[in-house]
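Structure, as structure tokens:
No experiment lies behind these values; they were computed from the predicted model shown.
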2 protein chains.
Amino acid sequence: MRAQRPARRSPAPEALSQDTKSRILDAAESLFTEHGFEATSLRSLTAAAGVNLAAVNYHFGTKEELFQAVLTRRLDPMNQERIDLLDRYRREAGGRPLTCEKILSAMLIPALRLARDEKRGGKEFLRVLGRAYADPAPFIRNFLSAQYAEMISRFKDAFLEALPHLTKQELTWRLHFVMGALSYTLAGTDALKLMAQVLPNDRDNDEKLLQRLAPFLAAGLKAPLGDAKKLELVAND
Amino acid sequence: MRAQRPARRSPAPEALSQDTKSRILDAAESLFTEHGFEATSLRSLTAAAGVNLAAVNYHFGTKEELFQAVLTRRLDPMNQERIDLLDRYRREAGGRPLTCEKILSAMLIPALRLARDEKRGGKEFLRVLGRAYADPAPFIRNFLSAQYAEMISRFKDAFLEALPHLTKQELTWRLHFVMGALSYTLAGTDALKLMAQVLPNDRDNDEKLLQRLAPFLAAGLKAPLGDAKKLELVAND
DNA sequence: GCACGATTCAAACGCCCGTTTGAAACCATC
DNA sequence: GATGGTTTCAAACGGGCGTTTGAATCGTGC
């Protein structure tokens with residue numbers, strides 16, 4: 001008679017003990033990070049996960065829905081953590097407006113916690129996320145917009161109180177820059193090569209990275225309103 | 001057979017905007033922007049350009065080489081412009097270190113000029129570039145590293161003089177953040193949706209965008225060195 | 001007007017894609 | 001040990017992919 005588990009070529013060692021759905025999600029997270037959505041085939045994905053090719057369509061419907069599932073699994077808890085942390089800071093401040101640094105902390109700390117927690121995907125997932133920010137595919141854009149709407153709205157209100165010298169429009173732009181620096185940083189393993197410098201990529205460095213990013217972003221957010229004279233854009237033609 | 005060099009012609013190759021090669025480059029710039037590299041097929045690309053399917057392989061070799069050609073066509077002149085402008089500012093300063101804003105101007109003004117110049121691809125190309133920054137494909141990463149090495153190295157030296165309170169390592173990180181905010185901004189037509197706000201996207205706005213980005217980045221670059229106390233990363237567990 | 005390299009063209013090549021299918025295997029319940 | 005819903009499986013489907021081919025066409029120098 002056959003064994004209880006069908007004989008199969010050895011799957012990825014980390015995926016051995018999990019059920020099919022989790023194995024697919026883990027392999028997808030890893031491969032989407034490495035190659036991007038379009039360049040990752042379901043055949044290579046299911047082979048890495050040690051499951052049958054048809055399992056993705058059975059459990060998730062389509063490849064696009066699998067990608068969204070990869071994002072939701074980590075994104076929902078992280079953004080909820082951000083909102084909860086912001087609320088807690090608000091309560092602790094007792095009605096007074098929060099400082100810019102405090103609000104930034106509420107954005108960055110849950111991301112750092114996620115980056116540290118290998119059981120929740122760690123840095124690998126943050127890179128998938130950073131990539132997704134820059135993807136023009138409508139199903140990704142719409143999905144992210146919906147996922148982030150609540151969180152962004154709350155943080156915008158908080159920043160408006162903390163930075164009264166900024167107009168709503170100016171703040172929108174600066175939050176745009178903040179998200180840019182953040183997502184680029186999260187996505188960038190080899191973006192560092194652009195700087196022609198190699199920095200080790202261990203756990204301590206992730207913390208140091210965000211400790212470097214926060215002062216940079218806080219200073220940018222608090223900067224006085226732009227003055228066209230400082231950038232002599234036209235005078236140099 | 002594929003020709004090593006095109007036949008000699010009397011008119012300048014720049015003026016021939018209707019020849020096959022240019023039509024392919026223009027269509028590729030547009031479609032790579034809209035769908036990304038992987039999701040753009042040579043069949044749709046050549047159809048949009050009004051040329052035969054085999055023309056891409058004849059004129060550029062492979063799809064990857066076409067993508068590199070799309071980048072080089074705009075990137076080489078823009079980065080050279082950046083270096084030239086930085087040199088000019090240096091000469092005008094007569095030996096004294098440049099201000100942070102001045103150096104930033106040398107980075108941003110050529111990008112703004114390119115964004116304004118529809119004949120050089122305009123904003124469309126900047127979005128291709130922003131996407132490429134976030135792409136993990138090795139042939140893209142290596143290509144961009146090589147393209148940017150010279151420019152980044154020169155600007156790093158200039159910033160080191162302008163920001164003597166920063167260590168080399170700290171500056172590397174901050175330039176990383178600068179490139180992140182910049183590339184994300186350049187890539188983002190619909191990234192604005194994340195802010196749940198619609199801003200018109202005309203020519204004036206491109207200039208205003210960079211006039212907003214520059215003060216933000218200058219303030220971030222000039223920020224004092226990070227203090228772990230400001231981000232209470234560990235204390236909140 | 002002929003020759004010849006440069007270019008264009010329609011067609012095909014071989015491969016891999018995401019998805020579907022229907023049968024087999026599994027597993028708790030009776 | 002039969003039942004029936006759930007999950008896995010090998011195989012195939014239809015189609016699109018990047019690239020190649022070899023003949024037709026073009027443009028110029030002779």
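Residues passing the side-chain contact (heavy atoms from CB on, under 4.5 Å) test with Ala48(B), sequence neighbours excluded: Ala27(B), Leu31(B). In this structure Glu64(B) satisfies the salt bridge (charged side-chain N to carboxylate O under 4.0 Å, His left out) test with no other residue, sequence neighbours excluded. Applying the salt bridge (charged side-chain N to carboxylate O under 4.0 Å, His left out) test to Arg131(B) and every residue at least two apart in sequence or in another chain returns nothing. Residues that satisfy the salt bridge (charged side-chain N to carboxylate O under 4.0 Å, His left out) test with Asp87(B), not counting sequence neighbours, are Arg154(B). Evaluation of the salt bridge (charged side-chain N to carboxylate O under 4.0 Å, His left out) rule for Arg73(B) yields Asp26(B), Glu29(B) as partners, not counting sequence neighbours. When the side-chain contact (heavy atoms from CB on, under 4.5 Å) test is applied to Asp76(B), the partners found at least two apart in sequence or on another chain are Thr72(B), Gln147(B). Residues that satisfy the ring pair (Phe, Tyr, Trp, His ring centres under 6.0 Å) test with Phe139(B), not counting sequence neighbours, are Phe37(B).
A straight line from CZ of Arg23(A) to C1' of dT8(D) spans 11 Å, rounded to a whole angstrom. The interatomic distance linking Asn57(A) (CG) with dT8(D) (C1') rounds to 13 Å, in whole Å. The nearest whole Å value for the distance from the CZ atom in Phe60(A) to the C1' atom in dG18(C) is 16 Å. Regarding Leu66(A), its CG atom lies at a distance of 11 Å from the P atom of dG18(C), rounded to whole Å. The nearest whole Å value for the distance from the CG atom in Asp19(A) to the P atom in dC27(C) is 14 Å. One atom, NE2 of His59(B), and another, P of dT20(D), lie 15 Å apart when rounded to the nearest Å.
Among the nucleotides dT19(C), dA6(C), dA12(C), the one closest to any side-chain atom of Tyr58(B) is dA6(C). Among the nucleotides dT21(C), dA12(D), dT7(C), the one closest to the side chain of Ala54(A) is dT21(C).
Judged by closest nucleotide on DNA chain D, Leu53(A) is the one of Lys63(B) and Leu53(A) placed further toward the 5' end.
No cation-pi contact links Lys21(B) to Tyr58(B), judged by a cut-off of 6.0 Å to the six-membered ring centre and 45° from its axis.
In the region residues 37-52 of chain B, proximity to DNA chain D at under 4.0 angstrom, judged on heavy atoms, holds for Thr40(B), Ser41(B), Leu42(B), Arg43(B).
Between Tyr148(B) and Tyr133(B), a ring centre-to-centre spacing shorter than 6.0 Å is recorded.
Over its full length, the helix from dG1(C)-dC30(D) to dC30(C)-dG1(D) turns its helical axis through 0°, comparing axes from the five pairs at each end and rounding to 10°.
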